[in-house]
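Everything numeric here is computed off the predicted structure, so don't read it as measured data. Both ligands and their constituent atoms are indexed starting at 1 by order of listing.
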Amino acid sequence: MRILAIESSCDETAAAVVEDGEQILSSVVASQMVTHGKYGGVVPELASREHLRAIVPVVREALLRSGTKLEELAAIAVTVGPGLVGSLLVGLTYAKSLSFASGVPLIGVNHIEGHIHAVIMEARRDGTPVELPALALVVSGGHTHLFEVTEGYHYRLLGKTRDDAAGEAFDKVGKLLGFGYPGGPVIDRLAPHGNPRAVKFTFAKMKGNALDFSFSGTKTAVLRWVEARDMESEIAVRRALLHENPAPSVEQWLAVTPQATLDLVASFQHSVIHELLTRAAASAETIEARSLIVSGGVACNSGLRERARAARLPYPVYFPTPGLSTDNAAMIAAAAFPKLAKQEFAAFDIAAQANLRLAG
Ligand code: KG4
Ligand code: ZN
């Protein structure tokens, strides 16, 4: 049973063919990093245009690499939301047309459910299936959410960010310090070179739901720290480096980053990880979770992986391999597989939903 999945919710055009919900036969991701990098963030209009350019060759490549013909598919899965509506529309419209032309049924998938299923799929394939109930921490550029996952893949929202997503905080700090966009991967590589305890960040105590996150305070603290120092020239040097070379090596970054800034970067990452893991562990305890799933782009973060491992939590912690952490279509196929079994097909009038929720 092969599913072709299409994902275009943000700035990656992706298609994949997955067999029986676990074997990835092909996974193609066309990144728009180069397009958006110079603007310091995703520009929605440019994203839609790039998706339009990429969608046909990306889907064709995914089918070709997997040796699958359209009519051999059991279903065509597609992300319906959440995401940028202009981007979602490209993938959704193309998936509908393929489904209409071939008679292969269509399955609509929530992007966040895809991130969770990336982990469930890999764990099952590796012979160490995720035991439910699980606590899922989805951390990316757009979301920072805690869900309870119960049998039959039902979801309950336990906590979420009240302001910036964790990845967004990484991106804003990266941009502010002259490390370009996206900030997460650069900060991750530089953090081990700084002292994580050098700068203290205090987190506001949450009124209301104690499992909610807030990252705007940390971001503002970084801004204040920068404003209190004369950092303009060092930031300008880093921007110039990026202008010459869009992907500098760690050594090149280190050569233009003073120790105090490395300490700031390390401390920022340390405090974000602390915030994520503390809330995740508290939520897992309240639902008596039997496993913890961490997924989404920020799940790539090596500091987060290390600290989650070092915490010796009383249940297994699952992270996706890096290729399945950031946006991809294999995870959409994985999330569609249980829906195929239940014949949960979508009608042709299904609409893209920028703010689609996974659970209340
Ligand atoms: O899941 P994703 O590809 O797209 C969204 O759905 O948002 O996540 C992208 C986000 C960006 O904010 C990026 O900075 C962050 O994930 N990210 C990281 C790392 N790799 C990507 N953040 C921290 N450490 C990383 N290694
Ligand atoms: Zn995502």
His115 backbone or side-chain N/O/S under 2.8 Å from the Zn ion (ligand 2): yes
Inspect the surroundings of NZ in Lys160 and state if more than 12 heavy atoms from other residues, nucleotides or ligands are less than 6.0 Å away. no
Polar contact flag for Asp188 and ligand 1 (N/O pairs, less than 3.5 Å): yes
Taking a cutoff of less than 4.0 Å between a non-hydrogen atom of the residue and any ligand atom, is Pro185 in contact with ligand 1? yes
When only distance counts, is Ser302 in polar contact with ligand 1, meaning an N/O pair under 3.5 Å? no
Does the ring center of His274 lie less than 6.0 Å from the ring center of Phe201? no
For atom 24 (N) of ligand 1, the protein heavy atom that lies nearest, with its residue and separation: Asn301 ND2, 3.0 Å
Val18 and Phe337, any side-chain heavy atoms less than 4.5 Å apart: no
Quick check: does Gly142 get an N/O under 3.5 Å from an N/O on ligand 1? yes
Can you list the ligand 1 atoms lying under 4.0 Å from a non-hydrogen atom of His111? 6 (O)
Charged N to carboxylate O under 4.0 angstrom, Lys172 versus Glu168? yes
Using a strict 4.0 Å cut-off to heavy atoms of Gly167, name the atoms of ligand 1 that fall inside it. 12 (O)
Any N, O or S atom of His143 closer than 2.8 Å to the Zn ion (ligand 2): no
Between Gly297 and ligand 1, is there a nitrogen or oxygen pair with a distance under 3.5 Å? yes
Which atoms of ligand 1 sit under 4.0 Å from any heavy atom of His115? 1 (O), 6 (O)
Scanning both residues in full, the closest heavy-atom pair of Asn209 with Gly159 reads ND2-CA, 3.9 Å
Between Asp188 and Ser302: side-chain donor-acceptor atoms closer than 3.5 Å: yes
Nearest neighbour of atom 25 (C) of ligand 1 from the list Gly184, Ala299, Ala118, Ser295, on a heavy-atom basis: Gly184
Before signing off on this row, confirm whether Gly296 and ligand 1 have an N or O atom pair separated by under 3.5 Å. no
Taking atom CG of Asn355 as the centre, report whether more than 12 heavy atoms of other residues, nucleotides or ligands fall under 6.0 Å from it. no
For the Zn ion (ligand 2): the N/O/S atom of Asp327 at shortest distance: OD1
For Gly141, the ligand 1 atoms whose distance to one of its heavy atoms is below 4.0 Å: 5 (C), 7 (O), 8 (O), 9 (C), 10 (C), 12 (O)
By the definition side chain to side chain donor-acceptor pair (under 3.5 Å), identify the one residue from Glu19, Gln23, Glu72 that meets it with Arg2. Glu19
Cationic N near anionic O, under 4.0 Å, Glu71 to Lys69: no
Between Glu22 and Arg125, is there a side-chain N and carboxylate O pair less than 4.0 Å apart? no
Look at atom 2 (P) of ligand 1 and say which protein heavy atom is nearest, naming residue and atom and giving the distance to 0.1 Å. Asp327 OD1, 3.5 Å
Applying a 4.0 Å heavy-atom criterion (strictly less than), which segment of Asp171 is in contact with ligand 1: side chain, backbone, both, or neither? side chain
When you compare the side chain of Thr128 with that of Pro316, does any pair of heavy atoms fall below 4.5 Å? no
Numbered atoms of ligand 1 (with element) below 4.0 Å of Thr326, judged on heavy atoms: 3 (O)
